[in-house]
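So you know, we letter chains A, B, ... as the sequences are listed, proteins then strands, and number each from 1. What you see is a predicted model; the values in this text were computed from it and never measured.
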2 protein chains.
Amino acid sequence: MTLRADARRNRARILDVAEKVLVERGTTVSTEEIARAAGVGIGTLFRHFPTKEELIQGVFVARLHRLADDATRAAASPDPGAAIAGFLREAAAQGEVKNALAAMLTSAGVDLHEAAGEAQQEVRRALGTLLRSAQQSGAVRRDLEVADLIGLLAGTSKAIEYAGQDAAARERIVGVILDGLRAPS
Amino acid sequence: MTLRADARRNRARILDVAEKVLVERGTTVSTEEIARAAGVGIGTLFRHFPTKEELIQGVFVARLHRLADDATRAAASPDPGAAIAGFLREAAAQGEVKNALAAMLTSAGVDLHEAAGEAQQEVRRALGTLLRSAQQSGAVRRDLEVADLIGLLAGTSKAIEYAGQDAAARERIVGVILDGLRAPS
DNA sequence: GAATATACGGAGTACGCACTCCGTTTACTA
DNA sequence: TAGTAAACGGAGTGCGTACTCCGTATATTC
């Protein structure tokens, strides 16, 4: 069931462009506009994603996969404390996109956990190992669970959104979270 | 320019019901459904809010006003440290609604700061006094600014969303933030 | 370099939904 | 309580947009 070369190319291109366009202009953009931006006919777009909703989910899942990759890489670091800090900064910085996408899905009445599915599990697993080693090295308080960390990540990127381009403010906010992660309960 | 009694009643009722319906089912609900839920004809709804977008903004602004009230009350407390903690817990708990609304607006391509306008200023002012007294009493690190606090509030309520109904998890997350607010830079 | 399965493009369709219009009703005023 | 300005209700309209269909093009296989 391998896709033809052009089909695979187009699918990737649609996902890529759709992410940009959706984040820039919101879910209200027409599928036609996305297709045009991707340099593809509407027919093609709908063959790959039979529904606008499925397209948005596809974009979201792709984003999650990339996040999972980052998390896996971070989990392999020898200094888990620094890794978690770096990951937080990174995720926070790039998080606006994910925020916007997640917001779209929920505001469109889609259940996130269902939509994310397998990709969500990947992220969870990678963050799990990262968290556990950070806790064993004493860098992070022991009462935290993976779900808490995920929530805090989402929260941090949300908080960062409000700081806009102000680098100092971003750093203050990340600082607050990092200190909170460290402090004993 | 006083509204007739029934008009005022209807306007309030629409705002009230719209908030509930919008949060429950997303921006995609039809105006007709909102009108029906409010027990009002579509004509009436559109006389009060000439545009669906203006309706959503109206709901959002109303929410902000209530938040500003809470903040003002908290700022008047004799123990600013405790007040800020309580406010964080409260705002976080009720924040889901605001999150959902804000998400709707942005995903609909509306500029939040513009939409919030005056109400936003109210919140900012109230939180400003709260923050300053908390800092003078030594309960909160001194390098934080009002904008940071607002961001952290939004972030916290986002983080709490992921904890769902798990009260212990909610408390752990709030704990992280509170510790972070306290710790010296 | 045929042959064929696979993918493409985009005009066309159906439908839902935001918004209008106006005849009817209801709150105010004196 | 009559008169009137203000508000209401909801059938109707037009437009935007998600999705279909099928004739054409292009990758793949031998």
Does a side-chain heavy-atom distance below 4.5 Å link Leu22(B) with Phe60(B)?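 No, every pair of side-chain atoms sits at 4.5 Å or beyond.
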Non-hydrogen side-chain atoms of Val17(A) and Lys20(A) separated by less than 4.5 Å: no
CG of Leu55(B) to CZ of Phe46(B): how many Å apart, nearest 0.5 Å? 8.5 Å
Could you tell me whether the side chain of [X] and the main chain of [Y] form a donor-acceptor pair under 3.5 Å?
{"X": "Arg141(A)", "Y": "Gly180(A)", "value": "yes"}
{"X": "Asp148(B)", "Y": "Glu145(B)", "value": "yes"}
{"X": "Arg142(B)", "Y": "Gln135(B)", "value": "yes"}
{"X": "Arg13(A)", "Y": "Ala38(A)", "value": "yes"}

Measure [atom1]/[X] against [atom2]/[N] and give the value in whole Å, please.
{"X": "Leu45(B)", "N": "dA7(D)", "atom1": "CG", "atom2": "C1'", "result": "14 Å"}
{"X": "Leu55(A)", "N": "dT17(D)", "atom1": "CG", "atom2": "C1'", "result": "15 Å"}
{"X": "Arg36(A)", "N": "dT17(D)", "atom1": "CZ", "atom2": "P", "result": "10 Å"}
{"X": "Arg13(A)", "N": "dG9(C)", "atom1": "CZ", "atom2": "P", "result": "11 Å"}
{"X": "Leu3(B)", "N": "dT26(C)", "atom1": "CG", "atom2": "P", "result": "18 Å"}
{"X": "Arg9(A)", "N": "dG9(C)", "atom1": "CZ", "atom2": "P", "result": "11 Å"}
{"X": "Glu53(A)", "N": "dT17(D)", "atom1": "CD", "atom2": "P", "result": "18 Å"}

For a side chain to side chain contact (heavy atoms under 4.5 Å, CB included) check, start with the C-alpha distance between Leu181(A) and Leu152(A), then their side-chain angles and the critical distance, and finish with the verdict. CA-CA 10 Å; Leu181(A) 286 176; Leu152(A) 282 166; 3.9 Å; yes
[N] phosphate, OP1 or OP2: any side-chain N/O from [X] under 4.0 angstrom?
{"X": "Thr44(B)", "N": "dA7(D)", "result": "no"}
{"X": "His48(A)", "N": "dC8(C)", "result": "yes"}
{"X": "Asn10(A)", "N": "dC8(C)", "result": "yes"}

Using the closest heavy atom to pick a nucleotide of DNA chain C for each, name whichever of Ala5(B) or Ile42(A) lands nearer the 5' end.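 This one resolves to Ile42(A).
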Could you check Arg47(B) against Pro50(B) and say which one's nearest nucleotide on DNA chain C is further toward the 5' end? Pro50(B)
Ionic contact status for Arg66(A) with Glu19(A), cut-off 4.0 Å: yes
Please produce a list of atom pairs where a protein N or O lies less than 3.5 Å from an N or O of nucleotides 23-26 of chain D.
unit_1  : atom_1 : unit_2  : atom_2 : d
dT26(D) : O2     : Arg4(A) : NH1    : 3.2
dT26(D) : O2     : Arg4(A) : NH2    : 3.3

Provide a list of protein-nucleic acid N or O atom pairs under 3.5 angstrom, restricted to nucleotides 16-18 of chain C.
unit_1  : atom_1 : unit_2   : atom_2 : d
dA18(C) : OP1    : Lys52(B) : NZ     : 2.7
dA18(C) : OP2    : Thr31(B) : N      : 2.9
dA18(C) : OP2    : Thr31(B) : OG1    : 2.9

